[in-house]
Amino acid sequence: MYFEIVDHLNTVLAETISTLTPETPFDAASCTFVATKDTTHGDLTTNAAMVLAKTLKKNPREIAAMFQEKLTASPHVEKVMIAGPGFINIRLSGTVLIDTLKSILKEKEHYGRSFRFSGKKALVEFVSANPTGPLHVGHVRGAVVGDTTAELLRAVGYEVTREYYYNDAGVQMQMLGRSVQARYRQLFGVDSPLPENGYKGDYIRYIAAGLKSSRGDSLLREEKWEPFTEYAADVLMNIIMDDLRRLRVLFDATFSERSLHTSGAVARTLKQLAEKGATYEQDGAIWLRTTDHGDEKDRVLVKSDGEPTYVTPDIAYHCDKYDRGFDLLVNVMGHDHHSQVERVKTALRIFGHNLDRLQYLLNQMVSIQREGEKVKLSTREGQFMTLAEMVDELGADVTRYFFAQRSYKAQMIFDWDLAKKQSMDNPVYYLQYVHARACSMEEKAIERGIGVSPAMEFDTSILMGEKERLLLLKLFYYPSFVSDAAERFETQLIPTYLEDLAKMFHTYYQAQRVLDQDDPAGSLARFHLVLAIRQVMRNGLGLLRVNAPERM
RNA sequence: GCGCCCAUAGCUCAGUCGGAUAGAGCAACUGCCUUCUAAGCAGUGGGUCGCAGGUUCGAGUCCUGCUGGGCGCGCCA
């Protein structure tokens, strides 16, 4: 409904603009209708007249008047008002709002979804933590941002793949294997110290104990670290995926770094870069000429010991993503990997890949405020706050909501005490309460013999009161928020919208009796409105993968 | 030194990507349950949108320069 109406109005706008400016080419796309911020200014507004003022050398209000007739003729428009310096404000016809209500009740969970990107494929890569330990708070933010973004993209028509890239090769994995090996030997009383910079966490002992119970002492004479790495990585990947599942994050695919080595993709990438003259050899290492693309120094692709650096398989991985034919590639990772991004992009540019298809979402750091105390978290320091602990203490709903609520770009202070509260102070419960309250009203309605009319027959004039009208208008805007959130990769637009809607609903509930024994016609009409609000709340929470309980 | 991000109410943050009188929640204060859930509602106080310029009809939003904070800048990942 929203896009249908706004597209129609924008077309009228564009046509009128082209008749007004037949000589001068004018970008009509820059003049569109948007929702008003202040309801006293009508429902939709455009600044077209003011933008055109310079080109036409006329007073904006005078220009606005030239649009008025055409717009008034639209069946979707009740009234056109010219206000302020030259805004064209539109009040939508009641039919539009009633049709919105009907389509919500008809489309149900599909309301708000669109087909703007139907037929397009998107890959969202996120979390991608190495299997060297359990996930911590920093990963949770990436997990929520990535998963919610994926869900938003799906809501606007993309066929989405969620992928987890993990480094099961390299020095860190060797360290993991050797740490487990040491703990394993200790279990048999062998004096075997942890390697320098080895992993000290208790989970290493846990993994070693698991190995002992499944393999006995059969690995005691094993000198190589690889079997230990393989086993530990396997265990840790399972733990990671279990934790993520508890956060309601499910991946469609994992992609192993080692597979890029064994398949020859890394070697092929290096060869192709060399053929393009983008690399050279010096001091026994192979360098990428990133300085040709604005870097301050060239970067090493292959170390003098013959081992590739981290960036090399990452380049091969991204080439693989391009080869798989996605229309959109989204990468969610910590902002501390920023310099890495430029190197990958440089290589992709050398290969001639279209960087417009690649979108990095670099989320900033999270710190936790708990009982007034600020706990800073970083990968290097020992982590006492893991994903599992968060979900245990706060639940998936609260954990997800708190991260989705904020822009990924800004550093975030996670208010643990607020998140912990199961009260009205906590926005999650505030939203869920809308849903529960509406469900409770439905029960009451059924008791009183009020049911949804399949033919949508109810007295629509009752919903044209100003309070009801504003609620309908809010529901009308919902698809635009979904669309904006997806296109701009801004998850927080959804919580912002839902909190607005919740506020309006609770206010309405307080001010207006919905189910009134003395007013059956009014009760029926308002009941339909409540059901529509409940549906949108459920859909919005669904995008965030937050539960909408029927009872609280 | 260079790069990226941030700076909005006492605190945590929004601000629909240049619009009209800058918002919400928390905290503080005052009211409202015999009713469809008070996990709620209504109201009060609280601001030089870090600073200084610039762009234009119009700037919290865009540009430049500062200040302050975070992160990065490795033949680590």
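Numbered from 1 within each chain, the chains take letters A, B, ... in sequence-line order.
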*Hey, can you tell me if W416(A) and F414(A) have their rings parallel, tilted or perpendicular (30° and 60° cut-offs)?*
tilted
*With heavy atoms under 4.0 Å as the rule, sort A83(A) into base, sugar-phosphate or nothing.*
base
*Name the stems that RNA chain B belongs to, where each is three or more consecutive Watson-Crick or G-U pairs with both distances under 3.5 Å?*
B:1-7 with B:67-73, B:10-13 with B:23-26, B:28-32 with B:40-44, B:50-54 with B:62-66
_Heavy atoms only, 4.0 Å cut-off, all strands: where does S440(A) land among base, sugar-phosphate and nothing?_
base
*asked:* How many whole angstroms separate atom CD of Q492(A) from atom P of rU16(B)?
replied: 10 Å
*Starting at the 5' end of RNA chain B, which residue's closest nucleotide do you reach first, E342(A) or T496(A)?*
E342(A)
_Determine whether the aromatic ring of H41(A) stacks with the base of rG19(B), defined as ring centroids separated by less than 5.5 Å and ring planes inclined by less than 30°._
no
*Return yes when atom CD of E196(A) has more than 12 non-hydrogen atoms of other residues, nucleotides or ligands closer than 6.0 Å, and no otherwise.*
no
*Under the 5.5 Å and 30° test, is F87(A) stacked on the base of rG19(B)?*
no
*asked:* Does T45(A) contact rA20(B) through a side-chain donor or acceptor facing the base, at a distance under 3.5 Å?
replied: yes
*Are D519(A) and R513(A) close enough for a salt bridge, meaning some N to O gap below 4.0 Å?*
no
*What integer number of Å spans the C1' atoms of rU8(B) and rG47(B)?*
8 Å
*Within the 6.0 Å centroid threshold, strictly below: Y478(A) and Y497(A)*: yes
*For E499(A) and for D415(A), find the nucleotide of RNA chain B with the closest heavy atom, then tell me which residue's nucleotide is more 5'.*
D415(A)
*Quantified in whole Å, what is the P atom distance between nucleotide rA42(B) and nucleotide rG3(B)?*
49 Å
Shorter than 3.5 Å, N or O on both sides, protein versus nucleotides 57-63 of chain B: list them out with atom names.
{"residue": "rG60(B)", "atom": "O6", "partner": "K37(A)", "partner atom": "NZ", "Å": "3.3"}

*Determine: side-chain N/O of K444(A) to OP1/OP2 of rU35(B), distance under 4.0 Å, yes or no.*
no
*Please say whether more than 12 non-hydrogen atoms of neighbouring residues, nucleotides or ligands are located less than 6.0 Å from CD in E226(A).*
yes
*Is there a side-chain polar atom (N or O) of K303(A) under 4.0 Å from OP1 or OP2 of rC76(B)?*
yes
*For nucleotides rU61(B) and rC26(B), find the distance between their P atoms and express it as a whole number of Å.*
29 Å
*Assess whether one donor atom and one acceptor atom, taken from the side chain of S304(A) and the base of rC75(B), lie less than 3.5 Å apart.*
yes
*asked:* Can you tell me if K297(A) touches the phosphate of rG1(B), counting only side-chain N or O atoms and a distance under 4.0 Å to OP1 or OP2?
replied: no
*Side-chain N or O of Q512(A) less than 4.0 angstrom from OP1 or OP2 on rC36(B)?*
no
*asked:* Just the rounded figure in Å: distance from C1' of rU16(B) to OH of Y2(A).
replied: 8 Å
_Partner of Y317(A) by ring pair (Phe, Tyr, Trp, His ring centres under 6.0 Å), out of Y310(A), F255(A), Y166(A)_ = F255(A)
_Over all strands shown, is E307(A) touching base, sugar-phosphate only, or nothing at heavy-atom distances under 4.0 angstrom?_
nothing
*Working for side-chain hydrogen bond (donor to acceptor under 3.5 Å, both in side chains), residues S523(A) and D516(A)*: CA-CA 6 Å; S523(A) 296; D516(A) 185 346; 5.7 Å; no
*asked:* Students often get this wrong, so: under 4.0 angstrom with heavy atoms, is Q411(A) touching a base, only sugar-phosphate, or nothing?
replied: base
*Take D298(A) and Q282(A) through the test side-chain hydrogen bond (donor to acceptor under 3.5 Å, both in side chains) and record every step on the way to the result.*
CA-CA 11 Å; D298(A) 291 334; Q282(A) 188 185 307; over 6 Å; no
*Under the criterion side-chain hydrogen bond (donor to acceptor under 3.5 Å, both in side chains), which of E163(A), Q359(A), H337(A), H318(A) is the partner of N331(A)?*
H318(A)
_Would you say K345(A) places a side-chain N or O within less than 4.0 Å of OP1 or OP2 belonging to rC4(B)?_
no
*On a plain distance test, is the side chain of D500(A) in donor-acceptor contact with the base of rA14(B) below 3.5 Å?*
no
*Is H335(A) stacked on the base of rG72(B), meaning ring centres closer than 5.5 Å and planes within 30 degrees of each other?*
no
*Verify the contact: side-chain N or O of Y430(A) to OP1 or OP2 of rC41(B), cut-off strictly under 4.0 Å; return yes or no.*
yes
*For residues Y360(A) and E342(A), is any side-chain donor paired with an opposing acceptor at under 3.5 Å?*
no
*Would you tell me if any nitrogen or oxygen in the side chain of T507(A) comes within less than 4.0 Å of OP1 or OP2 on rA42(B)?*
yes
